[in-house]
J.: 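Quick one: this structure, given as structure tokens, is what I'll be asking you about.
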Number of protein chains: 2
Amino acid sequence: MAQSDTVDRILDAAEELFAERGFSETSLRMITSKAKVNLAAVNYHFGSKNALIHAVFARFLTPFSATLETAFDELEDSCKGKPASLNQTLWALTESAVRMPQRTDKGISIFMRLLGLAYTQSQGHLRKFLEDEYSEPFSRFMRMLKEATPQLSAVDRYWRIQFMLGATAFTMSSSDALIEILENKIGVDTTVQEIAARLVPFLAAGMQARDAMLIPPPGSMVSIA
Amino acid sequence: MAQSDTVDRILDAAEELFAERGFSETSLRMITSKAKVNLAAVNYHFGSKNALIHAVFARFLTPFSATLETAFDELEDSCKGKPASLNQTLWALTESAVRMPQRTDKGISIFMRLLGLAYTQSQGHLRKFLEDEYSEPFSRFMRMLKEATPQLSAVDRYWRIQFMLGATAFTMSSSDALIEILENKIGVDTTVQEIAARLVPFLAAGMQARDAMLIPPPGSMVSIA
DNA sequence: TCGCGCTTCAAACGTATGTTTCAAACAGAC
DNA sequence: GTCTGTTTGAAACATACGTTTGAAGCGCGA
């Protein structure tokens, strides 16, 4: 058997465990026993636990950023000079995420949850790794968002982008649980695609909200809009 | 010296370290050495590390939920039977958070970051503790949101609430890092209060977006609804 | 068949963690 | 001052972690 078998089994197990428990809370022994692989295999093939974390991210982030690049290329081509609209930009992103070739049916939610963890868990090495390797498509997305929302100040745009990221990462990372809760509550089944279809208008509306910054006089909870 | 001194010093140190590093990544030895207290004091006064985590949350969540209850009471009184508006409800929440008596200037951001961590880090015991102790104001908030958005279907409202929670938890849990990034990028300093002031209009606009599932995806993604 | 990389394996290493122990120090009542 | 219950202190405990070791196993060209 080629090494790829062991390597992939480790990556699969690590991906799933990281997504459901976080990085520090997942030990190499959990990973190797789930992958049915010897403990030392991780350090043999990857070098360290941190390097394994990087490999897990690289495995899905590399194809995703390629998909994203072509989606952005196509979008900009079809716009012929004019900047793409906010809706178009958001759809290009979500479509790339949703249409990514998935290894399992849980693929998209694992994907999202890992991204959320990368942002949330203050793992310095991870942040640095992601910045070094994948800053380009991210910057490009930011540039397109900027062109799509010229009415916003840089500061407003910055924060609203964070809000969008949060709503997306949080919801998608818990999509399985949230879908199940809704099923038990109202009896409606939902797909990840449908969540995305509901998310995009929410984000677009938030992004284009008026009156970004009207701190209300203290003590009075006067409506803003 | 009364015990309260040691207890409070432990709580102060734990709160700060938890907020900036997470729970698993913060050891009791870090806490006790920052608090200038003997290692065994934690287990003596609190019983265990998990119990200490609960105590940290209880110390700020108990006054907060009381503040929140009265804010909601006042809001409902001032509305005399009519349901409160979405903006009013959201502002009542954020104002309660922002106006909480703070122990330090970093109080509010620590508060927010801990809440974000509670949501994000899947610490089973913490989730259970929070559900057991503080579910009531949360349910009440949900009820008010429902009355403030009668135009939404139950399913739309459900997802949009998740989007709101995500944007809030995610942004607030990383508020320090995000503020610092913006500072380095544009040279603008920001307070947590300002973030909240920007967040509320974003959330309200997203919550009230029209045509939840209508926008035709460009690039010929098959329509969903 | 031998020899040589590459890979697996069981075992151990050193370190860090949460927790426990038990004697010493302390504070307040009598 | 002495006794009593509470709090602190230094040290040890058992366990879990990431990592390293060195021998055994394997596949394959010579």
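Only heavy atoms go into these numbers, but all of them, side chains included; no hydrogens, no water, no symmetry mates. Chain A is the first sequence line, chain B the second, and so forth, proteins listed ahead of strands; every chain is numbered from 1. Note that this is a predicted model, so its numbers are computed, not measured.
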J.: State whether the side chain of Tyr158(B) and the backbone N or O of Leu178(A) hold a donor-acceptor pair below 3.5 Å, judged by distance alone.
T.: yes

J.: Please list, one pair per line, the donor and acceptor atoms closer than 3.5 Å that link side chains of residues 54-67 of chain A to other protein atoms, with sequence neighbours excluded.
T.:
from     : atom 1 : to        : atom 2 : distance (Å)
His54(A) : NE2    : His125(A) : ND1    : 2.9
Arg59(A) : NH1    : Asp12(A)  : OD1    : 3.0
Arg59(A) : NH2    : Asp12(A)  : OD1    : 2.9
Thr62(A) : OG1    : Ala58(A)  : O      : 3.0
Thr62(A) : OG1    : Tyr134(A) : OH     : 2.6
Ser65(A) : OG     : Leu61(A)  : O      : 3.4
Ser65(A) : OG     : Thr62(A)  : O      : 3.2
Thr67(A) : OG1    : Pro63(A)  : O      : 3.0

J.: What string of B, S and - do you get for nucleotides 17-22 of chain D, 5' to 3', when a contact is any protein heavy atom under 4.0 Å?
T.: BBBBB-

J.: Mark yes when over 12 heavy atoms from residues, nucleotides or ligands other than Glu180(A) sit less than 6.0 Å from its CD; otherwise mark no.
T.: no

J.: Quick one: which residue pairs count as a side-chain hydrogen bond (donor to acceptor under 3.5 Å, both in side chains) with a foot in residues 161-174 of chain B, not counting sequence neighbours?
T.: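 For residues 161-174 of chain B: none.
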
J.: What salt bridge (charged side-chain N to carboxylate O under 4.0 Å, His left out) pairs are there with at least one residue in residues 47-57 of chain B, not counting sequence neighbours?
T.: none

J.: Take atom CG of Asp5(B) and atom P of dA27(C), then tell me their distance rounded to the nearest Å.
T.: 13 Å

J.: Between the axis at one end of the helix from dT1(C)-dA30(D) to dC30(C)-dG1(D) and the axis at the other (five pairs apiece), what's the angle to 10 degrees?
T.: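 Terminal axis comparison yields 10°.
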
J.: Ring centres of Phe170(B) and Phe170(A) under 6.0 Å apart?
T.: no

J.: Is it true that, when you exclude Glu136(A) itself, more than 12 heavy atoms of the residues, nucleotides or ligands shown sit nearer than 6.0 Å to its CD?
T.: no

J.: My understanding is that only residues two or more places apart in sequence, or in another chain, count here; which of them pass side-chain hydrogen bond (donor to acceptor under 3.5 Å, both in side chains) with Glu69(B)?
T.: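 Once residues adjacent in sequence are excluded, the partners of Glu69(B) under the side-chain hydrogen bond (donor to acceptor under 3.5 Å, both in side chains) criterion are Arg140(B).
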
J.: To the nearest angstrom, how far is Arg21(A) atom CZ from dA16(D) atom P?
T.: 13 Å

J.: In whole angstrom, give the distance that lies between atom CG of Asn38(B) and atom C1' of dT19(C).
T.: 13 Å

J.: What is the distance, rounded to the nearest whole Å, between atom CZ of Phe46(B) and atom P of dT7(D)?
T.: 12 Å

J.: Would one find a side-chain N or O of His45(A) under 4.0 angstrom from OP1 or OP2 of dC6(C)?
T.: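 Checking His45(A) against dC6(C): no side-chain N or O falls below 4.0 Å of OP1 or OP2.
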
